[in-house]
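Note that the structure is predicted; figures quoted are calculated from it, not measured. In what follows, residues are counted from 1 in the order of the sequence shown.
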Amino acid sequence: MTSEKHILVIFPHPDDETFSSAGTLARFADEGVPVTYACLTLGQMGRNLGNPPFATRESLPTIRERELEQAAKEIGITDLRKMGLRDKTVEFEPHDEMDAMVQSLIEETQPTTIISFYPGYAVHPDHEATAEAVVRTVGRMPEAERPKLWLVAFSNDAVDALGEPDIVNDISAYQQHKLRAFEAHASQTGPFLEQLANPQGNAPGAPKEAASFLTTETYWTYRFE
């Protein structure tokens with residue numbers, strides 16, 4: 001039985017939660033652990049418009065908001081927060097405002113674990129800004145009061161720099177939850193789903209190891225100096 005009391009998830013974009021953590025979060029939800037997901041933006045500037053295209057630049061924010069809601073439902077997240085920031089501008093948000101937002105979420109939910117990105121290894125500027133705010137804010141807390149940090153590193157050199165992941169979750173039992181969450185994010189995940197359906201097809205924009213996303217999720221913990 002898990003010892004977790006509450007999981008707080010902080011990512012900047014709809015679908016970040018699915019690519020990185022859908023199986024892990026579905027497991028926590030199945031075990032009765034409350035999960036709060038703070039999604040900072042609605043992905044208004046997402047690169048994809050569907051495959052084949054079904055969105056426009058004007059309709060994409062509304063579509064991605066609906067996709068986010070559906071994905072959260074498929075995962076089992078019942079507390080979804082839309083934090084109202086704009087896609088591709090998170091890096092320009094004042095640090096004190098970002099940190100205050102994270103602090104408020106922590107004070108309200110009292111999480112035992114926070115899931116977010118690992119600073120320096122998260123690839124996208126919005127990812128990095130989110131990661132830095134989480135680490136800054138938790139780092140200011142008294143050590144005995146800090147929630148654990150499970151951080152996602154997407155950078156290709158993460159293992160070389162950080163070592164092997166500290167947490168490796170087998171999510172095979174929850175891969176259908178994750179697949180349905182991918183399907184919910186249809187405007188962005190078409191190439192990924194195409195690669196899953198045809199592993200030898202080399203779908204443009206999709207990782208060749210797409211199937212591995214349905215079996216394993218990995219995290220690094222953060223060690224404050």
Side-chain angles (χ1 to χ4, degrees), residues 2 4 6-43 46-48 50-51 63-82 111 113-118 121-124 127 130 150-155 158 165-203 205-220:
T2 181
E4 299 287 354
H6 201 122
I7 306 297
L8 173 59
V9 183
I10 305 176
F11 287 126
H13 306 125
D15 78 15
D16 287 340
E17 84 294 330
T18 293
F19 274 99
S20 69
S21 303
T24 296
L25 298 178
R27 186 194 72 192
F28 280 130
D30 193 36
E31 293 173 347
V33 180
V35 176
T36 295
Y37 177 25
C39 189
L40 304 192
T41 82
L42 293 179
R47 182 184 308 168
N48 297 322
N51 185 27
I63 289 171
R64 294 204 73 184
E65 183 174 12
R66 291 201 302 264
E67 291 176 345
L68 172 63
E69 292 169 349
Q70 184 60 37
K73 186 180 299 184
E74 299 293 353
I75 294 168
I77 298 169
T78 57
D79 185 13
L80 172 63
R81 313 286 182 93
K82 304 165 191 173
T113 293
I114 297 176
I115 295 176
S116 190
F117 285 116
Y118 201 110
Y121 301 94
V123 179
H124 188 291
H127 296 181
T130 303
W150 288 15
L151 303 180
V152 177
F154 280 151
S155 173
D166 298 296
I167 296 133
V168 179
N169 289 338
D170 179 353
I171 62 161
S172 299
Y174 294 95
Q175 62 178 268
Q176 289 305 311
H177 293 74
K178 186 161 187 171
L179 179 59
R180 290 195 298 269
F182 273 126
E183 291 170 343
H185 286 296
S187 70
Q188 304 302 302
T189 58
F192 185 87
L193 293 170
E194 182 182 339
Q195 184 67 23
L196 279 178
N198 180 17
Q200 306 305 316
N202 297 321
K208 293 182 180 180
E209 68 281 8
S212 68
F213 282 73
L214 298 180
T215 58
T216 306
E217 291 171 347
T218 60
Y219 305 90
W220 282 260

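To the nearest 0.5 angstrom, Gln188 atom CD is 11.5 Å from Thr18 atom OG1. Atom CG of Leu80 sits about 8.5 Å away from atom CD of Glu65, to the nearest 0.5 Å. Glu69 CD to Lys82 NZ: the interatomic distance, rounded to the nearest 0.5 Å, is 3.5 Å. Taking CG of Leu42 as the start and CD of Glu67 as the end, the distance is 11.0 Å to the nearest 0.5 Å. Of the inter-residue distances, the one linking Phe154 atom CZ with Ser20 atom OG reads 5.5 Å to the nearest 0.5 angstrom. Rounded to the nearest 0.5 angstrom, Trp220 CH2 and Leu151 CG are separated by 10.0 Å.
When all heavy atoms of Ala29 and Val35 are compared, the pair lying nearest together is N-CG2, 4.5 Å. Nearest heavy atom pair, residue Thr216 against residue Val168, reads CG2-CG1, 3.5 Å. The two residues Ala71 and Ala181 come nearest to each other via the heavy atoms CB-O, 4.0 Å. Of all non-hydrogen atoms in Pro14 and Gly43, the two that sit nearest each other are CD-N, 3.5 Å. Summarising the geometry of Ser116 relative to Thr130, their closest heavy-atom pair is OG-CG2, 3.8 Å, with the distance given to 0.1 Å. The minimum heavy-atom distance between Asn51 and Gly190, with the atom names listed, is ND2-C, 3.9 Å.
Phe28 and Trp150 have tilted rings, their planes meeting at an angle from 30° to 60° on a 0 to 90° scale.
With a 4.5 Å cut-off on side-chain heavy atoms, His177 and Ile75 do not count as touching. With contacts defined as side-chain heavy-atom distances shorter than 4.5 Å, the pair Thr36/His6 qualifies. You'll find the side chain of Val152 stays beyond 4.5 Å of the side chain of Thr218, heavy atoms only. Taking the side chain as every heavy atom from C-beta outward, Leu68 and Tyr37 approach each other to under 4.5 Å. Between Phe19 and Thr189, the closest side-chain pair of non-hydrogen atoms falls below 4.5 Å. The shortest distance between side-chain heavy atoms of Ile10 and Leu40 falls below 4.5 Å. For the pair Ile114 and Ile7, the minimum side-chain heavy-atom distance is 4.5 Å or more.
With sequence neighbours left out, the ring-ring contact (aromatic ring centres under 6.0 Å, His included) criterion links Phe11 to Phe117. Applying the salt bridge (Lys or Arg N to Asp or Glu O under 4.0 Å) test to Glu194 and every residue at least two apart in sequence or in another chain returns nothing. A search for salt bridge (Lys or Arg N to Asp or Glu O under 4.0 Å) contacts involving Asp170 returns nothing, not counting sequence neighbours. Residues that satisfy the ring-ring contact (aromatic ring centres under 6.0 Å, His included) test with Tyr118, not counting sequence neighbours, are Tyr121, Tyr222. With sequence neighbours excluded, the residues that form a side chain to side chain donor-acceptor pair (under 3.5 Å) with Asp16 are His13, His127. Checked against salt bridge (Lys or Arg N to Asp or Glu O under 4.0 Å), Glu17 has no partners two or more places apart in sequence or in another chain.
With Ser155 contributing its side chain and Val123 its backbone, the two residues share no donor-acceptor pair below 3.5 Å. Using modelled atom types, no side-chain atom of Gln175 and backbone atom of Gly23 make a donor-acceptor pair closer than 3.5 Å.
Taking a cutoff of 4.0 Å between a charged side-chain nitrogen and a carboxylate oxygen, Glu183 and Lys178 do not qualify as a salt bridge.
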Practice problem: For side-chain contact (heavy atoms from CB on, under 4.5 Å), just list the numbers for Arg64 and Thr41, CA-CA rounded to whole Å, side-chain angles, deciding distance to a tenth of an Å, and then say yes or no. | Solution: CA-CA 10 Å; Arg64 294 204 73 184; Thr41 82; over 6 Å; no

Quiz item: When you look at Ile171 and Thr24, which way does the side-chain contact (heavy atoms from CB on, under 4.5 Å) test go after all the steps?
Solution: CA-CA 7 Å; Ile171 62 161; Thr24 296; 4.0 Å; yes

Quiz item: Does the pair Glu74 and Gln70 meet the rule for a side-chain contact (heavy atoms from CB on, under 4.5 Å), with working shown?
Solution: CA-CA 6 Å; Glu74 299 293 353; Gln70 184 60 37; 2.8 Å; yes

Exercise. Please assess Leu179 against Leu193 for the test side-chain contact (heavy atoms from CB on, under 4.5 Å), listing each intermediate value before the final yes or no.
Key: CA-CA 9 Å; Leu179 179 59; Leu193 293 170; 3.9 Å; yes

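A donor atom on one side chain and an acceptor atom on the other are not found under 3.5 Å apart for Tyr219 and Asn169. No hydrogens or angles considered: nothing links the side chains of Ser21 and Glu217 as a donor-acceptor pair under 3.5 Å.
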